[in-house]
Structures are given as structure tokens and as C-alpha cells.
Amino acid sequence: MSYKEYKNINYAEVADEVLAFWKKNDVFQKSVDEREGAETFVFYEGPPSANGTPGIHHVMARAVKDIFCRYKTLKGYQVKRKGGWDTHGLPVELQVEKELGITKEDIGNKISVEEYNAKCREAVMKFKDQWDDLTEKMGYWVDLDDPYITFEKNYIESLWHLLKKFYDKGLLYKGYTVQPFSPAAGTGLSSHELNQPGTYRDVKDTSVVAQFKVKKSDLSSKLFDGDEEVFFLAWTTTPWTLPSNGALVVGKKIKYVKVKTFNQYTFQPISVILAKDLVGKYFSEKAKNLALEDYKEGDKLIPWHIDAEYAGADLLDIRYEQLFPYVTNDDLEAHAFKVIPGDYVTTEDGTGIVHAAALFGADDYFVSKAAGVPPVVAKDDKGDDIPLVDKQGRFIAEVTDFAGKYVKEEYYSDEERKSSDFKPTDVLIAIHLKEANRAFKVEKYEHSYPHCWRTDKPVLYYPLDSWFIKTTAYKDRLVELNNTINWKPASTGSGRFGNWLENLVDWNLSRSRYWGTPLPIWVTEDRQEQKCIGSIAELEAEVKKSISAGFMTDELGEDFDLHRPFVDDIFLVSDSGKRMTREPDLIDVWFDSGAMPYAQFHFMGDDPKDANQANGGLSDVYPADFIAEGVDQTRGWFFTLHAIAVMLFDKVSFKNVIANGLVLDKSGNKMSKRLGNAVNPFETLAKYGPDATRWYMISNANPWDNLKFDIEGVAEVQRRFFGTLYNTYNFFALYANLDKFNFSESEVDESNKTESDRWIISKLNTLIGLVDDAYNEYEPTKAARMIQDFVIDDMSNWYVRLNRKRFWKGEYNEDKMAAYQSLYTCLKTIAKLAAPIAPFYMDRLYSDLNAVSGHESHDSVHLSNYPVASSELIDKALEIRMEMAQKISSLVHSLRKKEKLKVRQPLSRIMIPVLNKETEIHVKAVEELILNEVNVKAIEFLDDTSGILVKSIKPNFRKLGKEHGSRMKDISQKIGAFTKEDIAQLEASNNFELDLGDQKISLTLEDVEISSQDIPGWLVASENGLTVALDIQLSAELKQEGVARDLVNRIQNLRKDSGLEVQDKIVVQLQSSDELLKASVESFRDYICQETQANELNLVSDLEGGQALEMDEFEVAVKLDVIK
RNA sequence: GGGCUUAUAGCUCAGCUGGUUAGAGCGCUACACUGAUAAUGUAGAGGUCCGAGGUUCGAGUCCCCGUAAGCCCA
């Protein structure tokens, strides 16, 4: 058995082969089954929707999930990964409508709800094949055979079960929110619909600056100066909302002024309050400070002057007279018609005072609620509160002056609008205000306003009934438990998510749609009785009752579908015997996905932490140890998971979460199919294979940062990391096969290993621990980068390069064995450490190694165990020494470079100044390595006794700074001025009195850093305290050796060019007149022969058929003969 | 409008609790190596650490105000 050698590796092909192997041998299943009984690591899959095609960002998101599941498996946990599909919701509906060429209005007419939903059910799995394909090809291990699907009956039943729990706790209630609403279409509009192009249009509306008359009170007395009438000025582009005004909103930090002037329509003297910054908008500079007494009715210039100034905070709670006193009640009289604060008030336009009608604006609703201002409502015949505008967009009867009028002129028919005496309601309101001395300014104003995409008519913001989950009741607990969750990055948990929880509003569950989970609530017509259904059995029982009561005829069939329209055809009977109909709403799809911890297992119990499966307990799969999803899910999935778990079970549903960022194109732009900059994941995987793709994504940026995806980067990863690893393996395989190394021998004793063997093993064991930590802390990027650095820098560029000869030279002996063992161990360990990130190639690497050694009984790296770092094998001092060797070599290289002395030319010595014995011992231990690496004969150490060292000294800022902070400038200067003698004194006595004039401080050696950066008369280089001097004198012998080495090099080339095998022996004949060459050959004949595998080396005077070789300074003719 | 994130070499990213020459890879230039070879090594050039203030003996790092980009929410 020998190690597989690769001529040209195609990583994508390897991945295909490995994938086939996994499939054939059920490796994923085994990786779960073999851990049966082990501690579990619980992972939840955030369900994707298969109604769109997968993109490259899904590869990213899923790689993150996969990495930690694979890692935990290696660590011995059992990690089940149930897949899932998110199937309900608006995107599915829109796609179906697009395909069928219909709109929502056609549902129930051109197409039945039943047919429509059947279409949705098909459409939602449209691209399932592509998704499954991607999942497989990218190596994402998730159970696709038994996924949870949110439209399935069992799933929905669990949702109902949970909803009923909310209901029973009194956390499910019906209320309203202010939403975009199209009276013409009679429907609310989703934000998605409002974001359709063309919905926002510039329109000219009648805008009014209305005067709200301030009531006199203790609080408002500061606004009055005698008998004047004082008004707040508030601007609106929707005058129809003025009869519903409940409050005026000011910015606390905005400055306001009172201006004395006259009303331009009634000419009456008035005092008005508005933002100081906006005075110039309403008052002409020319009229400023004109005498008020001189004003006559109809004058063009209306005199004015600023009378007083107030802060917004001073105006709070001041009452004013209701502008349109059509309806009122005790509540309103007590709490409305006053000034309240609002952050959204600006002085960009208007008056700096904003009118709020709680029912007709989202901002208005929130500030009113926050300030405890009740909405302005009337009562209907049942005694329920109703807004002053009905659902058709008309004023109700109570608004006597405008009763029955449409609030927007576009709601009238074209004919009506053409009529000569037609006036839009906004204009009528303006006229009314002018006559009542309540209009300060009326003008047309052009602004952008949303329109209904179906009817083209303007949208109203209108209170719509909705069912809510009272999340606000659990706010504190939600925050508290969130603090126990490990968020990556932490800022998403504390910032984005934490702030969201702090500013929580109740969760609006209602959706007026067709394809989704129906709300299981039935009510009587008078709304006095309600029932919430929590299971199919319960529904069946209720249906039976209903049949007895005569409201239904048939029982539920076995295959009863819980979707619309079927649930809508069910009528229940109330406890008092009345007929009940289902509330027509569907629930927010986020409830579907947030409930997946329970619904995926058809949970119908009371406590998911119950260990008893018979009770429906989920203890071994709840809560999740780990979830990961895009940061855009913060207020989506992450929130709904958290809300349901905390509110129903007082638990967190996930302990660790990675919120990953976006995948952008290489210039940092968002990828979009429309712009054509979207990267096709299938093409990328096919070209570069999944390993390089995953490795690139993970190593390039932290998952939570946005990734600028550059395909060149994938190519680079493949070349640099995988190429190096592959080359190292191939190098190993080539010689290990020649020597038949199969690691059947016992490990070479530590004492018989070389310094570099022990070093690489030490580094490897350090790496095992560091990578383990990184994975444990959910830092995959750190893990990937550390592995990569080890492979490229330590293993390949240092260990292999330094030890190459050991692999191919000489007989198979213990030293060789040690080299093979070391490299084998490195490669096998890397395969394991990197397997979670690059699952395919690492599996192949592991298997190729293990196939020969048979060390492990596992068929796949993913069935093996994470390596254990052995602290005995870690030698920090050795790691430091080696670092010094690397630095010294680098310095010598750079000196050679400067002097144009190539490495093949041996040099006699380097000198290293050492200020302490320790450094010398360190360097001595790696002396051989350095000498070999830089081709120098000896290292000499210069210590103090040589007397030629030039020392420099600088303060240890970190230490001295802590002690003497503010004196550092002085100290630094004084130390900088130290003489040779000063340094010597400090070194000798470990004490130096530093005189700062007013103060003396004593320095020890720890307070300074002393280094030697120069040796007079020598070629010197230094870096970070290490200094090296190079002797560049060339003796005759060194020159000869240099030539000999050159000659070896040329002959080796010739061997290779002639196609000789590594083990072929040759006879060499040389002809040259050059004396140096002759001398070199004589002196170094043995060396040359050994290196070139020559049995004979002869200098001849005539050479037939020889080849001319270019040496640096002359030519030489050579002839090689192979010995057969 | 609010919240959060990011900004360091041409590009992609490191830079620990503040400490005095700001690093790596790619790319570029030059050289070397040539039995790991469609590989590899070494060196060099390349920086207003987004901008302006502040704290400090000392700021890429801490604070404040901006700018730009992105995401979420309104």
C-alpha cells in the first residue's frame, strides 16, 4: 500500500469524489449515529424558503452553520440537524399572482381560494431541487430526508397549540394599529406593497397652518401678557385630520418664540407661538417691528415683533381649545388637547409644532400613546369607539359640517369633481378655519405622498384591527434572558437586538392574506364570546357541538386541511349557543419560524424541557446550543424565537448565535440579479470546488462583517493555502513511498529527533489548542487564519524547506523516520483541524494518509476525533529559539542581498552581539539550522568583553509611563542622552539615579531596553533587538566551494534536463581551462560526487560531445554518462 | 429621522487592556532557487491609520462632533 500521488489535482473533482463516497457510505448518518448516547449539541436550522433560487450568500450562511456542527461532532457530541422549509407568506403569494397574471382582487372571483392556495403550495417548493443540490455540493450536512415544513398539518397544529397558550395567558388580544390603508380598495397595504415603484408621487395638497387657542392656566400664564389671545401654530398637509386632533407635538430642545401680529384673513390681533428658526418663513423682514398700532385692515405689510422666547420643554402639558369640537368625552377632556413631546419634530418645515391625530398617523399614534393622550373617537350604535372617518374615507355624521364628505378629493368620481361648485374637503376645512380666525396660513403644497398601487388613489393612514401578542408585558424578562445569550458579534445582541427589545411594541400577528397559518380564534357576531382552538382534537369536539346546534352538518374529515378556505367554512357554537365565525386573519409568518423549536417535533405538551417524551418533552433537543442566520433576521427569526420561548416557557431558545453579515460584490455593492453582479454559487463551486470557496469566505472576513466577494480571492486561497498543503502532501507521499514509510514503527524517541522536528510538533500542539479555543468561541475566521499560517509559514516554508534533504538523501534510518513521522503527524492533524471548514479536501487528505498507516479506524475524518494537544510536546523556549533563527536568517539574507552575495557562495562567519547569556544559548541551539539556511561556516558571539559593541538605550515606556506618567518627556530625553559610561554603570549596578531637577528617580535595568545595533567597521543589520554582522571576506577555499556548489547546481540541472531518474548514478567528465574550477574540483570532488550521485568525476583536457555550461565567470564543458 | 456596524498600503485584512520604526497576504519591482517546479524563497517600493476637536507625558487604539458606505427600523 502506498500514498496516493497526484499529478494534477482538481479540487472540484476531489470534492465530487468525496461527496460520492459520503453518499455511498452514509457518512453523515454515521457521524450522527456513532455518537448515540453521547452528549448532544443542539442546532436549529433557520428555514429557507424554496420559492427563490439560492445565492452565494447562502453558501456563506450555511458554511457557518456547518462548521460548528462538524466541529462539535469531532469533539464527541451528537449533533442532529433537522432541515426545514419556510413555506408561508407574502413572497409566495406574489410569485403565484405574477405567474398566473392575477391580483389579489381576483382571488375569490377568477380563482377560488382553494385553487390559489394549492398553487402556493406548489410554488413554494419550486426550487427545492436547486436548494438540495446546493446543500449537497457545498457540503452542508443537514437532514434533508425528514425536514420540517411549515405548511404541514402537524406543524400548524403545534402553532395553534402555542397560540392557545398565549391566549390562555391573556397575551393574545385584539387592538388596532395605524397602517397604510386604501379606502378605494378597502384593504390595508403591506410595506412591501408600499415600496412598489410608483406608489410615492408628488401631489399638490392644500396645507394649513392652524391656530390652536391656548387655554389660560397656571401652567400657561407665562405665555400671556395681558388680555391677548395666544395661539400655537401647527402645520399640516392633511387638513382632514384636524377634526381628529388630540395633541400638539413639540421638540423639547427646540426654541420657540411668541410673535405679536395680526391674522391675515380676519385682521384680528393675535399672538402666535412657533419655532424660532422658522419665523423667517412666515413673517417678512420688512414688516419687522413696524408699529402694531399703525396697522390697518388689508395692509400688505403685517407688522410683527418677537415678544418672548421659550424652550420646547416649557410648553409641555399646556392645554388648548379643541379646534373642531365635534366629539369629546371625559377622557379626552382630561387627557387630550395639550402639548406633548416628540423626537420626530424638526424645524425643517412647518412651524416646529406638529399636530397629532392618533388614529391617522403612525408617529401620531406612538407619541399620543406614549403621552397618554386618548384618540379622538365617536361611538357607534353598539357603543364601540369609531374614528371620525369611515372605511370608505368619509367623515361620519358627528362631524356635522363635513358629514359624508370624502376626505380626499380623489375618492370622488371624476364627474363630481368637474362640477363647478365642487370643493375638496380640505379646502372646505380651510375656509371654515379662516372664518373662525383659526387659520394662520393656507396654501398649496407639493410633496410626495403614497398611493395605492391598485387603485391609483391616495392612501390614508388608518386604524386597522389586528391581533397582537402582548410582548410589552414581558419586556424586562426578554431583556434579562437576552443577556444570557452569547451573541457573535456581541454588539448585535446588546445593540441592535437589545435596543429593539428596549423599544418593544406589541407584536402584530395579523395578516390579511390567504396562504398562511390561520388564526384559530372564533367569535360570535356581537363579539361578546370568543374561543381559541389549540388542537385538531379540540376543533373536532367543537365541530361536533356545532353540528348539534345546527350550525354545521359534517364532521371534520381525516384529511382536513387547516388552511383557508376550509377553516373559514367552520362555524362553532358559543357557550351561550350563538354562532361563531373565525377571525379571518392569518398570522405573521415569523410566528411560523419562531415556533420551529416546538413545531418541528409536533410539540403539543406543556414544557419543552420535560425529559419525559411521553409528555411531549423535548429536553434533548431544547434549547438550541447554536443557531446562525443573517443579521437581517435580528428582528425576524431571532426575535420570534426569543419572544415565544421567553413568554411561554421562561427560557432562551438558543444559547449561542452568530448573526452573519451580507455578501457584497467585490466593489462592496449589494448583489442583485437585476444589476447582474450576483455570483452564481453553482458556477463558483464547480470551478473552484466547495473547499476553496468556503475557506475563502471564512478566512477573509469575520462572518459578522460584510464580505466583499471577489472570485480572485477564491483562486488565491486555492493557490496559496490548498496548493501549499497539496504540495506538502505530495512531497511527503513521493519520498515516503520510495522509502515505504507507513508509520508502522513506533514513534522515534524525542531525544533522537532534530530540533526542527520537535519545533514543528511543538507548534502543531500549540495550534491544536488555539484552534480549539477559536472554534469554541465561535471564531471560525481566527481558526482558519491560524491553520493557514501554520501550513504556509511553519510547515511548508520553514520545516519542509529546511528538512528537504532529510527526505530524499541517504538510507532509510531513524532520522529519516523522524522526519516522515513529524510531517505525517502535521498533515493528519491539519486535516482534522481544518475539516469543519474544508470538509471535502481534508477528508481526502486524512483518508490518503490513514489508508497507508491504518492508524485510525475511521472511514472519514468527520467520524474521527479532534486531536488532543499534548502540553509535554509544547516547548515555548524552542519556539522562541526558532523564531530567532528565522529572524537571523532573514537578516543575513538581507545583508547578502545588499552585497550581491548569492546564497550558494559560502561565507566564513556571522557575528551576533549578545548582551545576555540567554540569547547566546538560544541561538547556539539552532546554530546548525542557521548555518545551513544562510550558507555560512560559523557564528561568533560578541559579548561585552569584546569591548567593541556599541550599545543604544531607550526607555521602557510601558513600565516607566505607569510610574512617572507626566515626567515621561523629561525621562525620555535624559535616557536618550546616556553615554557609554552611563549604560555601563546601569548594567553593572542595576541602578542609576536619574536627576530630573526637582526630583530624582532610580532606574533599574527593567526600566530600559538596551540593544546593540552597530559594530563599527562591519556590515550590520538589525531588527527588533536582534543584530547580525556578516563577514564578507572570501578566502580561496570559500571561493572554491562556491564554484563547487555552482557546479553541482549546473550538473543537477543537466541531470534533470536529460530526464534522469532521481536514483540514477552517473559518470561526469569536465573540461575547462579555468584554474579556479580545477582547484574547486580537486578540493571538493567528494562533495560534488555525492550531491550529483556521480560515481566518478574526471577533469579531462579534451571532451567529445560535451555541453557548455555557463558559470558566473567562465564556461565549462560537461558530459554525463549514466551507469546502467 | 432612530439604532447598529464598518472605514488602516493599489486590493483583502491583522493590530491584545493606550507605550514611541503600524504588520500580513495578494498585486507591483528586483533578485535568488531549480529533485516540492504550471511550485518556491528573499528583498524593495508602497500609509494624512476617513475628517475635525478633546483627554493624556504619549492616541491607529479612549471620548465628542462630523463624513462616507451598509443593514435594520420608522
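Since this is a predicted model, take the numbers as computed values, not measurements. Reckoned from all heavy atoms, side chains included, excluding hydrogens, waters and symmetry mates.
- In this structure, A:Asn727 does not reach the B:A38 phosphate: none of its side-chain N or O atoms is under 4.0 Å from OP1 or OP2.
- Atom C1' of nucleotide B:U6 and atom CG of A:Asn660 are separated by 16 Å, given to the nearest angstrom.
- Within 4.0 Å (heavy atoms only), A:Arg720 reaches sugar-phosphate atoms of the nucleic acid but no base atom.
- With P as the reference atom, B:A24 and B:A59 are 24 Å apart, rounded to whole Å.
- Taking atom P in both B:A9 and B:G23, one finds a spacing of 14 Å when rounded to whole Å.
- The distance between atom CD of A:Gln886 and atom P of B:U42, rounded to the nearest whole Å, is 10 Å.
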Chi angles and distances behind the side-chain hydrogen bond (donor to acceptor under 3.5 Å, both in side chains) call for A:Gln905, A:Asn935
CA-CA 7 Å; A:Gln905 174 60 58; A:Asn935 196 15; over 6 Å; no
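- No engagement by A:Lys959 is indicated, since no non-hydrogen atom pair under 4.0 Å with the nucleic acid exists.
- Residue whose closest nucleotide on RNA chain B sits further toward the 5' end, between A:Asp793 and A:Gly723: A:Asp793.
- Rounded to whole angstrom, the span from the CD atom of A:Glu712 across to the C1' atom of B:C13 amounts to 17 Å.
- Within the 4.0 angstrom heavy-atom criterion, no nucleotide atom of any strand lies near A:Asp710.
- Using a 4.0 Å heavy-atom criterion, one finds that A:Arg801 contacts the bases of the nucleic acid, with or without backbone contacts as well.
- For the pair A:Arg635 CZ and B:C73 C1', the interatomic distance rounds to 5 Å; values are reported in whole Å.
- Atom-to-atom, CE of A:Met60 to P of B:U12 comes out at 16 Å; the value is rounded to the nearest Å.
- Of the N and O atoms on the side chains of A:Tyr820 and A:Asp739, at least one donor lies less than 3.5 Å from an acceptor on the other residue.
- B:C71 and B:C11: their C1' atoms are spaced 24 Å apart (whole Å).
- Distance from the side chain of A:Asn706 is smallest for B:G70 among the nucleotides B:U12, B:G70, B:A74.
- Between B:G3 and B:G60, the two P atoms lie 28 Å apart (nearest whole Å).
- One interatomic measurement links the two molecules: NE2 of A:His893 to P of B:U40, which rounds to 17 Å at whole-angstrom precision.
- A:Asn730 comes within contact range of no nucleotide atom at all, as no heavy-atom separation falls under 4.0 Å.
- A:Ser796 comes within 4.0 angstrom of a nucleotide base, judged by non-hydrogen atoms across all strands.
- Counting non-hydrogen atoms under 4.0 angstrom, A:Asp789 reaches nothing in the nucleic acid.
- Heavy atoms of A:Asn1049 sit under 4.0 angstrom from primed sugar atoms or phosphate atoms, though from no base atom.
- Going from the P atom of B:A30 to that of B:A14 covers 32 Å, rounded to whole Å.
- Rounded to the nearest Å, the gap between the C1' atom of B:G25 and that of B:G66 is 34 Å.
- Looking at heavy-atom distances under 4.0 Å, A:Thr634 makes no contact with the nucleic acid at all.
- Comparing B:C57, B:U12, B:C26 by their nearest atom to the side chain of A:Arg719 picks out B:C26.
- With P as the reference atom, B:C63 and B:G27 are 38 Å apart, rounded to whole Å.
- Contact annotation for A:Gly961: base contact, defined as any heavy-atom pair under 4.0 Å involving a base atom.
- Note: A:Phe732 and A:Tyr3 meet the aromatic proximity criterion, with ring centroids under 6.0 Å apart.
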Evaluate the criterion side chain to side chain contact (heavy atoms under 4.5 Å, CB included) for residue pair A:Met795 and A:Leu823; output intermediate values, then yes/no.
CA-CA 8 Å; A:Met795 186 171 80; A:Leu823 193 51; 4.0 Å; yes
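- For A:Asn700 and B:U12, the shortest distance from a side-chain N or O to OP1 or OP2 is not below 4.0 Å.
- Of all nucleotides listed (B:A36, B:A74, B:U17), B:U17 comes nearest to the side chain of A:Arg958.
- A:Ser796 places no side-chain N or O within 3.5 Å of a backbone atom of A:Val791 that could act as its donor or acceptor partner.
- Contact annotation: A:Lys954 reaches the phosphate of B:U21 (side-chain N/O to OP1 or OP2, under 4.0 Å).
- The same atom, C1', is picked in B:G70 and in B:G58; the two are 35 Å apart, to the nearest Å.
- At a cut-off of 3.5 Å, with distance as the only test, no side-chain donor of A:Trp798 or A:Asp793 sits close to an acceptor on the other residue.
- When base pairs are accepted only as Watson-Crick or G-U wobble with both N-N or N-O distances under 3.5 Å, RNA chain B takes part in stems of 3 or more pairs at B:1-7 with B:67-73, B:10-13 with B:23-26, B:28-32 with B:40-44.
- As judged by a 4.0 angstrom heavy-atom cut-off over every strand, A:Asn803 is placed among residues making no nucleic acid contact.
- Between B:A36 and A:Arg804, a contact under 4.0 Å exists linking OP1 or OP2 to a side-chain N or O.
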Under the criterion side chain to side chain contact (heavy atoms under 4.5 Å, CB included), I'd like the reasoning laid out for A:Thr728 against A:Thr724: C-alpha separation, chi angles, the key distance, then a yes or no.
CA-CA 6 Å; A:Thr728 306; A:Thr724 303; 4.3 Å; yes
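- A cation-pi contact, defined as under 6.0 Å to the ring centre and within 45° of the axis, links A:Lys4 to A:Tyr6.
- There is no side-chain donor-acceptor pair under 3.5 Å between A:Asn700 and A:Trp695.
- For the pair A:Leu707 CG and B:U12 C1', the interatomic distance rounds to 10 Å; values are reported in whole Å.
- Judged by atom type and distance alone, A:Arg785 does not reach the base of B:C13 through any side-chain donor-acceptor pair under 3.5 Å.
- RNA chain B is contacted by both A:Lys782 and A:Phe366; A:Lys782 maps to the nucleotide lying nearer its 5′ end (nearest heavy atom per residue).
- Contact annotation: A:Arg904 side-chain N/O to B:U34 OP1/OP2 distance is under 4.0 Å.
- Picking from B:C16, B:C4, B:C26 the nucleotide with the shortest atom distance to the side chain of A:Arg496 gives B:C4.
- Listed nucleotides B:A36, B:C71, B:C72 differ in distance to A:Thr728; the shortest reach to its side chain belongs to B:A36.
- Counting heavy-atom neighbours within 6.0 Å of A:Lys959 NZ, excluding the residue itself, gives a total above 12.
- Between A:Arg1055 atom CZ and B:U37 atom C1' the separation is 17 Å, expressed in whole Å.
- Using a cutoff of 4.0 Å between basic side-chain nitrogens and carboxylate oxygens, A:Asp789 and A:Arg785 are not scored as salt-bridged.
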